[in-house]
Amino acid sequence: MSESESQPKKRFPLTLDFVTGLSGRSKAAAKTTHGTQTATRNATERTHAPRAVQAPVVASKQQRQVSTVDSGGGALLVSEAVRKAMVRRIAQQGVKDAAVLSAMESVPRHYFLEPGLASQAYVDTALPIGYHQTISKPSIVARMIELMREGVDGKLLRVLEIGTGCGYQAAVLAQVAHEVYSIERMRPLHELARSNLRALCIPNLRLHYGDGMLGLPQCGPFDGIILAAAGLDVPQALLDQMALGGRLIAPVGERAQRLKLVIRTKPNEWVADLLEPCHFVPMRPGTFG
Ligand code: SAH
């Protein structure tokens, strides 16, 4: 769990500078902000340049928790207090699962956005990540994970996410499951997620580049599957990779989308329920880049 922002600098959580040895770079450079960027440029900058907001790191690998220290301009908008306020609003909207709320509190969403958008990280809205794709709205991330976890005590064993995007939801999932696999079809976004997640050192998360409509049969069966992009329906390959009793949650439909919850009740039986309206980017076949 995150510590207060008022912690002295040498205490945990450590800054990314400490971990990567970039501490020699000037503070002025570290405060540089950028205008509109593509995800690719953003990913490149993350490899070669210091960040405008300090990066979070895992306080303790055993705990698998993500923490952050905020500093510099815009700190108030990306502080732990603001993140907690976002989680309170999500709870007020009806999400009750304490494990989900705690996971949302521990993952710094601002770290998955380009510096120019970081100040909006804790507003409940989807934001662009490049390539006409978005980071999902925090409340829908929480809602879908809660639906997937319903009836589960403790952590889920194995979870699959289709549509890694910038990697935010995958990081949240990694707090509530023992093993998380996430697939992205666009190579630049797969690389962006890798870059975003590298410093977080999340040991139970594996990213794959490929067509998520095919799933990852070599890693299944999965107790939970979450789709972060909308198709007309759920691909049969994903239904086949669900464990018995496993739960899949997906946005389905074209313009008017709804969340669909599917539970595998028997080897050859799935029950499905259409839930509330939602709005996601479309699921596309094949790979790009
Ligand atoms: N999980 C993200 C949201 C991602 S947006 C978050 O953390 O907020 C949806 C993503 O799904 C996009 O990056 C898009 O490229 C990807 N996508 C669409 N169709 C896909 C497919 N068939 N396989 C894998 N990824 C796909």
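We count residues from 1, following the sequence as given.
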Note, Pro128 side chain near Leu117 side chain (heavy atom, < 4.5 Å) = yes

query = Taking Asp211 for the side chain and Thr287 for the main chain, is one N or O donor matched with an acceptor at less than 3.5 Å?
reply = no

ask   = How about Glu105 and Lys84: do any of their side-chain heavy atoms sit closer than 4.5 Å?
value = yes

query = With a 4.5 Å heavy-atom cut-off, do Leu275 and Arg258 have their side chains touching?
reply = no

ask   = Does the side chain of Val262 come within less than 4.5 Å of Lys260's, by heavy atoms?
value = yes

inquiry  = Treating Arg264 as the side-chain partner and Gly246 as the backbone partner, does any N or O pair qualify as donor plus acceptor under 3.5 Å?
reply    = no

Candidate list Leu216, Leu248, Leu238, test side chain to side chain contact (heavy atoms under 4.5 Å, CB included), partner Phe222, passing option = Leu216

key: Exercise: identify the closest heavy-atom pair between Asn204 and Ala174   = ND2-O, 2.8 Å

ask   = Is it true that a side-chain atom of Arg83 and a backbone atom of Tyr122 form a donor plus acceptor pair closer than 3.5 Å?
value = no

task = Evaluate the side-chain proximity of Met104 to Pro138: yes if any heavy-atom separation is below 4.5 Å, no if none is.
result = yes

note = Closest heavy-atom pair, Arg109 versus Lys137, reported as atoms and distance to 0.1 Å, is NH2-CA, 4.2 Å

inquiry  = Once side-chain hydrogen bond (donor to acceptor under 3.5 Å, both in side chains) is applied, do any residues pair with Asp273, and if so which ones, sequence neighbours excluded?
reply    = none

key: Thr125 vs Leu127 side-chain heavy atoms within contact, under 4.5 Å   = yes

task = Could you note down all residue pairs passing ring pair (Phe, Tyr, Trp, His ring centres under 6.0 Å) where residues 141-172 supplies at least one of them, sequence neighbours left out?
result = Phe112-Tyr168

